[in-house]
Amino acid sequence: MSNNIEGKVVVITGASSGLGEAAARLLSAQGATVVLGARRTDRIKSLADELNRKGGKALAMTTDVVHFDQVKRLVDAALQTYGKIDVMINNAGLMPHSPLERLKIGDWDRVIDVNIKGVLYGIAAALPYMKKQKSGHIINVSSVAGHKIRPGIAVYAATKHAVRVISEGLRQEVKPYNIRTTIISPGAVATELPNSITEPDIAENTHKFYKDIAIPADSFARAVAFAMSQPDDVDINEVLFRPTRQEF
Ligand SMILES: NC(=O)c1ccc[n+]([C@@H]2O[C@H](COP(=O)([O-])OP(=O)(O)OC[C@H]3O[C@@H](n4cnc5c(N)ncnc54)[C@H](OP(=O)(O)O)[C@@H]3O)[C@@H](O)[C@H]2O)c1
């Protein structure tokens, strides 16, 4: 019986570490073709080489999601190399937490560009093909911070709320095209994400919080596989998961 993953062409942004890398590994092991985008070319190329050596199909392409032309080139490469795109995972993201009063305007600009506009660019790159195919699946990565807010995370939480709002709007709009949409909202997962915090005191606290409770990144990969593997007429619209020990 098909797992509804085997043979699918899956484009993943932010595939050079953390959640994106874990999803690439699991989906490749389950027979998907993966097209990997991120800025750290060496990382995605060596991941693609490793997956190809293991008998999978993988392609790496340097992609900065703040530039629409680069995201389009990534999706076009999937089309040109493999003839279709079944799943677009808009995963690339940053989490430069700080209280608003510290006025980290450069951080605000970057996190809005990557976490919101990067997701929109991924949708813009994939949607025309999926409309034409009359099939597809767009998976956007939000967060527990897309559901909740607390001091010090306002801008990041705003971007992750935005991802959920955009995804729900997309869900309602793509009904005529047989496209599925999934929001995945993780809690603390052990990745390189806290490294994007530029304030040393906040970085230290966040690293400690993650060290205490974060769960492995394959938790996310399994959520992706769950959503993808449903029959085509079943659309898993949102998955929210946390470490069992996480209160927030
Ligand atoms: N880990 C968690 O606890 C957690 C919880 C909730 C939500 N999330 C979300 O999960 C997603 C993945 O994060 P992660 O936890 O896996 O962290 P991570 O290990 O730091 O990975 C982030 C990924 O995003 C990529 N990225 C950053 N800026 C980019 C840009 N401008 N263009 C292209 N790629 C870019 C990075 O690649 P390059 O640096 O090579 O470009 C990297 O592959 C993010 O959206 C994050 O907000 C994570």
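Remember, predicted model here, so these are calculated numbers, not experimental data. Read the numbers this way: they start at 1 and go in the same order the structure lists the ligands and their atoms.
Contacts between A188 and ligand 1 below 4.0 angstrom, taking non-hydrogen atoms only, involve the backbone exclusively. Neither the backbone nor the side chain of N115 comes within 4.0 Å of ligand 1, counting heavy atoms alone. Of the heavy atoms in A15, only backbone atoms (N, CA, C, O) come closer than 4.0 Å to ligand 1. Under 4.0 angstrom from ligand 1, there are no non-hydrogen atoms of S185.
With respect to the salt-bridge test (charged N to carboxylate O, under 4.0 angstrom), the residues D107 and R110 qualify. Using a 4.0 Å cut-off between a side-chain N of Lys or Arg and a carboxylate O of Asp or Glu, K45 and D49 do not qualify as a salt bridge. Under a 4.0 Å N-O distance rule, the pair K84/D86 qualifies as a salt bridge. Look at D201 and R102 and you find a salt bridge, because one of the NZ, NE, NH1 or NH2 atoms lies within 4.0 Å of a carboxylate O, short of that distance. E50 and K54 are joined by a salt bridge, as a carboxylate oxygen and a charged side-chain nitrogen come within less than 4.0 angstrom of each other. The pair R43-E192 meets the salt-bridge criterion, with a side-chain N (NZ, NE, NH1 or NH2) lying under 4.0 Å from an Asp/Glu carboxylate O.
Here the rule is side chain to side chain contact (heavy atoms under 4.5 Å, CB included) with M228, and of I139, N4, T182, I236 only I139 fits it.
Considering backbone and side-chain N/O of G20, none are found under 3.5 Å from N/O of ligand 1. Checking only distances, S143 never comes within under 3.5 Å of ligand 1, N or O to N or O. Considering backbone and side-chain N/O of P186, none are found under 3.5 Å from N/O of ligand 1.
Heavy-atom proximity to G93, at under 4.0 Å, picks out these atoms of ligand 1: 22 (C), 24 (O), 27 (C), 44 (C), 45 (O). Distances below 4.0 Å separate heavy atoms of V114 from the following atoms of ligand 1: 28 (N), 31 (N). Near Y156, meaning under 4.0 Å from any of its heavy atoms, are these atoms of ligand 1: 6 (C), 7 (C), 8 (N), 46 (C), 47 (O). Atoms of ligand 1 found under 4.0 Å from any heavy atom of G18, numbered from 1 in the order shown, are 16 (O), 19 (O). Under a 4.0 Å criterion applied to the non-hydrogen atoms of T63, ligand 1 contributes the atoms 32 (N), 33 (C).
Among all protein heavy atoms, the one lying closest to atom 13 (O) of ligand 1 is L193 CD1, 3.9 Å. Nearest protein heavy-atom neighbour of atom 43 (O) of ligand 1: S16 OG, 2.7 Å. For atom 18 (P) of ligand 1, the closest non-hydrogen atom on the protein side is S17 OG, 3.4 Å. Remark: minimum distance from atom 32 (N) of ligand 1 to any protein heavy atom is reached at V65 N, 2.9 Å. The protein atom (non-hydrogen) at minimum distance from atom 16 (O) of ligand 1 is L19 N, 2.7 Å. Nearest protein neighbour of atom 7 (C) of ligand 1, counting heavy atoms only, is S142 O, 3.1 Å. When only non-hydrogen protein atoms are considered, atom 29 (C) of ligand 1 lies nearest to R39 NE, 3.5 Å. The protein atom (non-hydrogen) at minimum distance from atom 34 (N) of ligand 1 is A92 CB, 3.5 Å.
Listed for the R245 side chain is a donor-acceptor partner under 3.5 Å among the backbone atoms of D212. R25 contributes no side-chain N or O that, together with a main-chain N or O of A221, makes up a donor-acceptor pair within less than 3.5 Å. In this structure a side-chain-to-backbone donor-acceptor pair under 3.5 Å is present from T63 to M61.
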Review point. Step by step, would you call N115 with V119 a side chain to side chain contact (heavy atoms under 4.5 Å, CB included)?
Key: CA-CA 6 Å; N115 292 15; V119 168; 6.0 Å; no
**Study point:** Derivation and outcome, side chain to side chain donor-acceptor pair (under 3.5 Å), residues R242 and S185
**Key:** CA-CA 9 Å; R242 295 174 172 84; S185 295; over 6 Å; no
Point to revise | Test log, rule side chain to side chain contact (heavy atoms under 4.5 Å, CB included), inputs K134 and M130 | key: CA-CA 6 Å; K134 281 240 178 338; M130 291 182 175; over 6 Å; no
Exercise for review: For the pair R73 and D69, evaluate salt bridge (Lys or Arg N to Asp or Glu O under 4.0 Å) and give the outcome as yes or no after the intermediate values.
Suggested key: CA-CA 6 Å; R73 205 179 54 195; D69 57 330; over 6 Å; no
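Ligand 1 lies within reach of G187, whose nearest heavy atom is under 4.0 Å from it. For K160, the heavy-atom gap to ligand 1 drops under 4.0 angstrom. Ligand 1 lies out of reach of G118, whose nearest heavy atom is not under 4.0 Å from it. Every heavy atom of F220 sits 4.0 Å or more from the atoms of ligand 1.
Contact annotation: the side chain of T191 approaches that of L19 to within less than 4.5 Å [non-hydrogen atoms, C-beta and beyond].
With distances taken over non-hydrogen atoms, the option nearest atom 44 (C) of ligand 1 out of N91, V141, V119, I89 is N91.
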